[in-house]
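All values reported here derive from a predicted model rather than from experimental measurement.
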Amino acid sequence: QVQLVESGGGLVQAGGSLRLSCAASGRTFSSYGMGWFRQTPGKEREFVAAIARIGGGTYYADAVKGRFTISRDNAKNTVYLQMNNLKPEDTAVYYCAARLYGSSYYSAATYDYWGQGTQVTVSS
C-alpha cells in the first residue's frame, strides 16, 4: 500500500513557474513508476509526465514537452514536477500516481495508487 500526498499547487500568472511535489509513504518507493496527470471539470484525466522506476526514463505529453520536467528523489520518497512557462490551459487539478507494472506510462488505468490532487490555476 502506498499513500501519496501532493503539494505545491497555487495561483500563478501566465509565464510563471510552479513546482509540485508528491510525497509517498512506504519503504519501496524506488520500486514504483510515478506519473503526473491532470483533470479539468467535465474532462477525463490527462497524462502529463511519468518517470520510470528503473533507469529513471521520462515521458511527457506533447502539450508540456520542453516546459515541464519530472524528477524523483528516492531517498526522500518524493517525485517532483517542475512547471515552467505556464499557460492558462495548464489550469487543472494535478494528481500524482504510482504503479508497479504496466505496459504504458501514458494510461491512467495502469496506475495503482493516486493522491488527492492539488489545484493549479494559471491566470492570463
Colleague: Would you give the length of the straight line joining atom OG1 of T28 to atom CD of Q1, rounded to the nearest 0.5 angstrom?
Modeller: 11.0 Å
Colleague: Taking all non-hydrogen atoms of both residues into account, name the closest pair between Y111 and G33 and its distance.
Modeller: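 Result for this residue pair: CE2-O, 4.4 Å.
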Colleague: So which heavy atom on S124 is nearest to which on A14, and how close?
Modeller: CA-CB, 4.4 Å
Colleague: Decide yes or no for T118 and S7: does some side-chain heavy atom of the first lie under 4.5 Å from some side-chain heavy atom of the second?
Modeller: no
Colleague: Heavy atoms only: give me the nearest G117-E6 pair and the separation to one decimal.
Modeller: N-OE1, 2.9 Å
Colleague: With a 4.5 Å cut-off on side-chain heavy atoms, are M34 and L4 touching?
Modeller: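 Yes, close enough: below the 4.5 Å cut-off.
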Colleague: Could you tell me the separation between the CG atom of L11 and the CD atom of Q119, rounded to the nearest 0.5 Å?
Modeller: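 Spacing of CG (L11) from CD (Q119) equals 9.5 Å.
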Colleague: What distance do N77 atom CG and S30 atom OG have between them, rounded to the nearest 0.5 Å?
Modeller: 8.0 Å
Colleague: For V122 and D90, which heavy atoms make the closest approach, and how far apart are they?
Modeller: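 So the two residues come closest at CG2-CB, 4.3 Å.
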Colleague: First locate atom CZ of R99, then atom OG1 of T110, and finally report the distance between them rounded to the nearest 0.5 Å.
Modeller: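 Atom-to-atom, R99:CZ and T110:OG1 are 4.0 Å apart.
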Colleague: Taking the side chain as C-beta and beyond, is there a heavy-atom pair between F29 and K76 under 4.5 Å?
Modeller: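 With C-beta onward as the side chain, the pair stays apart.
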Colleague: Does atom CD of Q3 have more than 12 heavy-atom neighbours, drawn from other residues, nucleotides or ligands, at distances under 6.0 Å?
Modeller: no
Colleague: Please report the interatomic distance CD(E44) to CD(Q39), rounded to the nearest 0.5 Å.
Modeller: 8.5 Å
Colleague: Is there a continuous path of hydrophobic side-chain contacts, each under 4.5 Å between heavy atoms, that joins F37 to L86?
Modeller: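 Different clusters.
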Colleague: Can you sort out the partners of A23 under side chain to side chain contact (heavy atoms under 4.5 Å, CB included), two or more places apart, ordered by chain and number?
Modeller: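 Residues passing side chain to side chain contact (heavy atoms under 4.5 Å, CB included) with A23: T78.
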Colleague: Nearest heavy-atom pair of R53 and Y101: which atoms, and what distance?
Modeller: NH2-CE2, 3.8 Å
Colleague: Could you go through the salt bridge (charged side-chain N to carboxylate O under 4.0 Å, His left out) check for K65 and D62 one step at a time?
Modeller: CA-CA 5 Å; K65 204 170 290 184; D62 288 342; 3.2 Å; yes
Colleague: Among residues two or more places apart or on two chains, list those pairs meeting disulfide bond (SG atoms under 2.5 Å apart) that have a residue in residues 85-115.
Modeller: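 Passing the test, one end in residues 85-115: C22-C96.
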Colleague: Assigning hydrophobic clusters by single linkage (Ile, Leu, Val, Met, Phe, Trp, Tyr; side-chain heavy-atom cutoff under 4.5 Å), is V5 placed with V93?
Modeller: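 Cluster IDs for V5 and V93 differ.
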Colleague: Answer yes if Y113 and Y105 sit in the same cluster of Ile, Leu, Val, Met, Phe, Trp and Tyr residues linked by side chain heavy atoms under 4.5 Å apart, and no otherwise.
Modeller: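 In one cluster: no.
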Colleague: Examine W36 and V12 and state if one hydrophobic cluster contains both, with Ile, Leu, Val, Met, Phe, Trp and Tyr joined whenever side-chain heavy atoms are less than 4.5 Å apart.
Modeller: yes
Colleague: What's the separation between atom CZ in F68 and atom CG in N84, rounded to the nearest 0.5 Å?
Modeller: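 So the gap between those two atoms works out to 8.5 Å.
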Colleague: Of all the heavy-atom pairs spanning I70 and V79, show the shortest one and how long it is.
Modeller: CG1-CG2, 3.9 Å
Colleague: Let me check something: do L20 and Y95 share a hydrophobic cluster, defined by ILVMFWY side-chain heavy atoms less than 4.5 Å apart, either directly or through other members?
Modeller: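 L20 does not cluster with Y95.
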Colleague: Would a line drawn from the ring center of F47 to the ring center of Y59 be shorter than 6.0 Å?
Modeller: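 So the answer is no for these two rings.
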Colleague: Determine whether Y94 and R38 satisfy the following criterion, side chain to side chain donor-acceptor pair (under 3.5 Å), listing intermediate values before the conclusion.
Modeller: CA-CA 4 Å; Y94 282 71; R38 65 188 182 187; 2.9 Å; yes
